[in-house]
Amino acid sequence: MSESKDSQECTLAKTFDAQTIEPVIAELWDNANAFAAGAGRVEGEDSFTIVIPPPNVTGSLHIGHAFNNTLQDILVRFNRMQGRDVLWQPGMDHAGIATQMVVERQLIENQEPNRHALGREKFVEKIWQWKEQSGGLIFNQLRRLGASCDWSRERFTMDEGLSRAVLEVFISLYREGLIYKDKRLVNWDPKLLTAISDLEVEQIETKGNLWHFKYPLEPGISYQHPFNLDEEGNKSDWKPSQGEPAGYDTRDYLIVATTRPETMLGDTGVAVHPDDPRYRDLIGKRVILPLVGRKMPIVADQYPDPEEGTGAVKMTPAHDFNDFDVGNRANLRRINILTQDGNIFLKENNDFLEELESTHELLDTMSRLHGKDRFEARTLIVQMMDTRELLAKTEPHKHMVPHGDRSGVPIEPFLTDQWYVNAHELAKPAIASVREGRTNFVPKNWENTYFNWMENIQPWCISRQLWWGHQIPAWYGPDGEIFVEKTEDEAQLAADAHYGESVSIERDADVLDTWFSSALWPFSTLGWPEKTPELSRYYQTDVLITGFDIIFFWVARMMMAGLHFMKDEKGTPIEPFHTVYVHALVRDKYGAKMSKSKGNVVDPLELIDQYGADALRFTLANMAVQGGDVKLDPARVAGFRNFGTKLWNATRFAEMNGVQFDPQFEPQEAKLTISRWILAELSIATEEITTKIENYRFNDAASAVYKFVWNHFCDWYLELLKPVFSGEDNDARKESQACAAYVLADIYKLLHPFMPFMSEELWQRTATRDTLLCHARWPSAVSGDHEAADEINWLIELVGEIRSLRAEMAIKPSRVMSLIVTNADKTIIDRVQTHDAAITRLARLESVEIATAAPKGSAHIAIGNTSYFLPLEGIVDFSEERSRLEKELKKLDGEISRLDKKLGNERFVANAPEQVVVEERQKLTGYRSQKDKMTAALGRINEE
RNA sequence: GGGCGGUUAGCUCAGUUGGGAGAGCAACUGGUUUACACCCAGUAGGUCACAGGUUCGAGCCCUGUACCGCCCACCA
């Protein structure tokens, strides 16, 4: 190549080496402090804030994080390029149970003393040490993904500042009566030895049995129990809905059913429905609890369903949530017969022993069952009941058993003192905000889920019997009086004042549920309760991006906390965010949930190693369809890596042809049709990408970039430029070089939110830039140029038709031939002349000639009113062309008759919008003219 | 039991206000052309789950059915 054509050596490698370059770019951003809040902003622009869903301090990056953070980063980078004052607030969650478990496990592995041996203070110290050394791994991984958080503002839920916020919130809510202490049943985890909230309980379907036990009535009491007879004359159960029973048995016992025999030791009654005719006369009478000998009342309650089971239900108020409620209404005793770790507890259990006679049977029961594990006790009790002929029936039974989501063991409803938040009260404004559109869910249907939960919300149990977390700021006086204060000193003062003397107080040992501090995240991270500049600038945050699995855990609670504590000058509550974008969970390529046990986990870091962060991000963005699951097939990541390579090579090609950024270039002044065309296409793409990101249509935005780069820019624009670059027209070449550079620069910008590394690298390498790409101004769309578009679209269609025809006719690619154009008007003649070089090159022709008559022995193409012929004589068999034309004609006939019918339908013409009718008419005219030409061509072939 | 979502090409999925269905991958045919084989050109492939209804017109709206998935729920 000669110097005069500005050609130069290419400085880019053949492919983008993500492994090497991504870290370099990351460092470039780091050194420039490129993601600090407000970096790159334009004076006067609004702020844009996202708080990261804080990952667990124990966590490492899984594919869900990668997805979630990719979407956040797209929005953040997009807004930063819009010139907004952007803050992406990063941070981590102390993750109470999870972290404590990790460190405890580590102690075991290192054969160090366990936490009880260490004591609370030392153990917590160990966790802090662990956090400093091993915690927060995930942040480096997020950096590798390209997450543009303001890392200098990293927060931790156990930070001093955030802990102050927790303290403030707890104390305020306590003083307002919205936090209180209560003794009621909680979900108790017998393995982790702590209470957990309803949300941390997972219902798992389990195969079990329904055991039917006979509970004898007090001596001397009996009743008539109805029965039915089946066809074979056997007795069967009778239900109140079945009319008259076949007969009655005299019974001196009741039959109750249970899935949990081990809890019967804590039974304190039997409940029946007040209207159940079978038991009406027994209400107020007593039964005797087998194995124990406790005399328990038969009580009436609405809870038992006469149509279910036997209609009589044993009551264990201390070990079952329903029974607890019934017990409250019927005034039944609560007897706890389990220890914290789920063993039977009878000896020296005063609740249990109260009112019992010390019979031989009781002593036997106690010696056989005391201290036994709850499941072992279940088997034993069934055996003991069977031995006494009190086991009426054993039915296999599938039911949902609550399990602790962390420990995986069945949870135990357990009677303890715990702290609760009055969620019902706090939920009211949170519901109203969404109801009234001040906070919006995207997609909107998640609002139903939100309402459904919020409207049925239960008191939130916030105390945990753990050591890692925010210790509850409550102290107890000698008689149990509670003093909630910020510090021990203040509590001491309050206590002394209360008692009128100096007393010793003791702090509540429990810590708060981790989600309690997470609920404050959107304002605690900004410095609240201090009135910081950040708080006023960045709160309310803009959009929260999260998976649907934590709407309840987190979104709902942030709404409650934010609305309660954040107010404007007029005292109007401010929502923590105006939009909640809820994305799907990432599943494997078969749609199954990823889990370690299934072995189908896709490790995002492996994908990054293999294909680069950009490729992974682009894949995830492409799959972020609103509503659907995301099924990730690693093969797709390879495909999008290829997309990156394509652009990389397009840049290489441009560079090799002297394409250089020219600040003088004004797109409005472009003269060449191809320039005006690609600029118009660029504008359309810009408009679409912008709108789609603004509407959280990440997949549409990504595919719009993809299409523009690959199908418009590479497939056509660069191909069309090849003859220009090698041609003699210096002005045309110069404009093309400047125009290509201009378009490329915009491509880098448009691509940047999706593929930040490669786009930044190309941006930096293709010109001397006065800014980082991540701070460059987002392009704006300008109006299109229809004339140029028509012309190039004609060109594309023509070349496409010729290519198809050549392939169908099996004409060798190496064979060049002429194209004969007939029936061309001035416009077409001009176009043919202008694009002669491009057409011959792209369609592999020798020349393009204007003629007045169709040449002999040629294949025919009709576009608009013009005919194009490829001479085939001596090249192919004409029967090929004949059958091709016949096939085309058949297709056209189909279309024509369809349109004829449609347009012949008066009601269509009358009712359809004017524009649709016009379009259909135009289509019909087009097909007809094409048909005419095809018919003529066929006629010629048949003559020859 | 309640609620939500899905069913479109061999596979994975798009299809935003109703005007005869698209992409990527896979398949098939061909290809050393000023970048790119992680490429280029071309081809084939669909009763849009089923049945009704509304409409001039339905993948899209309505009703029902079947199958699949998820969430919530106190069935002893």
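For the numbers below, each heavy atom of this structure counts, side chains included, while hydrogens, waters and symmetry mates do not. Fair warning: this is a prediction, and the values are worked out from it, not measured in the lab. A note on names: the letters A, B, ... follow the listed sequences, proteins ahead of strands, and every chain is numbered from 1.
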S.K.: Could you tell me which residues satisfy side-chain contact (heavy atoms from CB on, under 4.5 Å) with Glu881(A), sequence neighbours excluded, listed by chain and number?
M.R.: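 Glu881(A) satisfies side-chain contact (heavy atoms from CB on, under 4.5 Å) with Met809(A), Ala859(A), His860(A), Leu872(A), Arg884(A), Leu885(A), Ile941(A) once adjacent residues are dropped.
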
S.K.: Looking at Lys923(A) and Glu919(A), does any basic side-chain N land under 4.0 Å from a carboxylate oxygen?
M.R.: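 Between Glu919(A) and Lys923(A) there is no salt bridge, as every charged N stays at least 4.0 Å from the carboxylate O atoms.
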
S.K.: Can you tell which of C74(B), G15(B), A76(B) lies closest to the side chain of Thr259(A)?
M.R.: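 For the Thr259(A) side chain, the nearest candidate turns out to be A76(B).
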
S.K.: Hey, does Arg260(A) reach any base, or is it just sugar-phosphate, or nothing, if we go heavy atoms under 4.0 Å?
M.R.: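 No contact.
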
S.K.: In terms of side-chain heavy atoms of Ala650(A), which of A35(B), A14(B), U34(B) is nearest?
M.R.: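 Between A35(B), A14(B), U34(B), the one nearest the side chain of Ala650(A) would be A35(B).
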
S.K.: Fill in the dot-bracket string of RNA chain B, one character per base: . for unpaired, | for a pair to another strand, ( ) or [ ] for pairs within the strand, taking Watson-Crick or G-U pairs under 3.5 Å.
M.R.: (((((((..((((.....[..)))).(((((.......))))).....(((((..]....))))))))))))....

S.K.: For Tyr253(A) and Phe213(A), run ring pair (Phe, Tyr, Trp, His ring centres under 6.0 Å): C-alpha distance rounded to whole Å, both residues' side-chain angles, the deciding distance at 0.1 Å, then the answer.
M.R.: CA-CA 10 Å; Tyr253(A) 58 86; Phe213(A) 288 158; over 10 Å; no

S.K.: Of the options C72(B), U34(B), C36(B), whose atoms approach the side-chain atoms of Phe552(A) most closely?
M.R.: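 It is C72(B).
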
S.K.: His399(A) side chain N/O closer than 4.0 Å to the phosphate oxygens (OP1, OP2) of C75(B)?
M.R.: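 Answer is no, no contact under 4.0 Å.
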
S.K.: Just to confirm, is there a sub-4.0 Å distance from OP1 or OP2 of C40(B) to any side-chain nitrogen or oxygen of Trp710(A)?
M.R.: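 Yes, within the criterion.
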
S.K.: Does a side chain donor of either Tyr303(A) or Asp323(A) reach within less than 3.5 Å of an acceptor in the other side chain?
M.R.: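 Distance-only check fails for Tyr303(A) and Asp323(A).
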
S.K.: Could you check which of C74(B), C36(B), U34(B) has an atom nearest any side-chain atom of Phe653(A)?
M.R.: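 Of C74(B), C36(B), U34(B), U34(B) is nearest to the side chain of Phe653(A).
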
S.K.: Between N or O atoms, less than 3.5 Å apart, protein on one side and nucleotides 18-28 of chain B on the other: list the pairs.
M.R.:
none

S.K.: Any donor-acceptor pair under 3.5 Å linking the side chain of Glu22(A) with the backbone of Ala613(A)?
M.R.: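 Confirmed, Glu22(A) side chain pairs with Ala613(A) backbone.
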
S.K.: Using the 3.5 Å cut-off, write out each protein N or O paired with an N or O of nucleotides 2-4 of chain B and the distance between them.
M.R.:
none

S.K.: On the six-membered ring of Phe713(A), is Lys707(A) placed so that its NZ or CZ lies under 6.0 angstrom from the centre and within 45° of the ring axis?
M.R.: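 Not satisfied by the 6.0 Å and 45° rule.
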
S.K.: Looking at residues at least two apart in the chain, or sitting in another chain, which of them share a side-chain contact (heavy atoms from CB on, under 4.5 Å) with Ile204(A)?
M.R.: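 Partners of Ile204(A) by the side-chain contact (heavy atoms from CB on, under 4.5 Å) criterion, ordered by chain and then number, come out as Thr206(A), His403(A).
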
S.K.: Could you pull out all residues at least two apart from Asn699(A) that satisfy side-chain hydrogen bond (donor to acceptor under 3.5 Å, both in side chains)?
M.R.: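 side-chain hydrogen bond (donor to acceptor under 3.5 Å, both in side chains) list for Asn699(A), sorted by chain: empty.
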
S.K.: Report which part of the nucleic acid His212(A) touches: base, sugar-phosphate, or nothing (heavy-atom distance under 4.0 Å, all strands).
M.R.: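 His212(A): no heavy atom of the nucleic acid under 4.0 Å.
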
S.K.: For a quick check under 3.5 Å, do Thr394(A) and Asn209(A) share a side-chain donor-acceptor pair by atom type?
M.R.: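 Note: Thr394(A) and Asn209(A) side chains miss the donor-acceptor criterion.
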
S.K.: In terms of side-chain geometry, is the basic nitrogen of Arg806(A) or Glu801(A) positioned less than 4.0 Å from the acidic oxygen of its partner?
M.R.: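 A salt bridge is absent here (no side-chain N lies under 4.0 Å from a carboxylate O).
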
S.K.: Taking the minimum atom-to-atom distance to the side chain of His397(A), which one of A76(B), U34(B), U16(B) wins?
M.R.: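 The answer is A76(B), which lies nearest to the side chain.
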
S.K.: From the options G42(B), C36(B), U33(B), select the nucleotide whose nearest atom is closest to the side chain of Arg841(A).
M.R.: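 Looking only at heavy atoms from C-beta outward on Arg841(A), the closest nucleotide is U33(B).
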
S.K.: Think Ser804(A) has a side-chain N or O under 4.0 angstrom from the OP1 or OP2 of A41(B)?
M.R.: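 False: Ser804(A) side-chain N/O out of range (4.0 Å or more) of A41(B) OP1/OP2.
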
S.K.: State whether Glu655(A) and Arg652(A) are salt-bridged, where the test is any N-O pair (Lys NZ or Arg NE/NH1/NH2 against Asp/Glu carboxylate O) under 4.0 Å.
M.R.: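 Result for this pair is no, no salt bridge flagged.
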
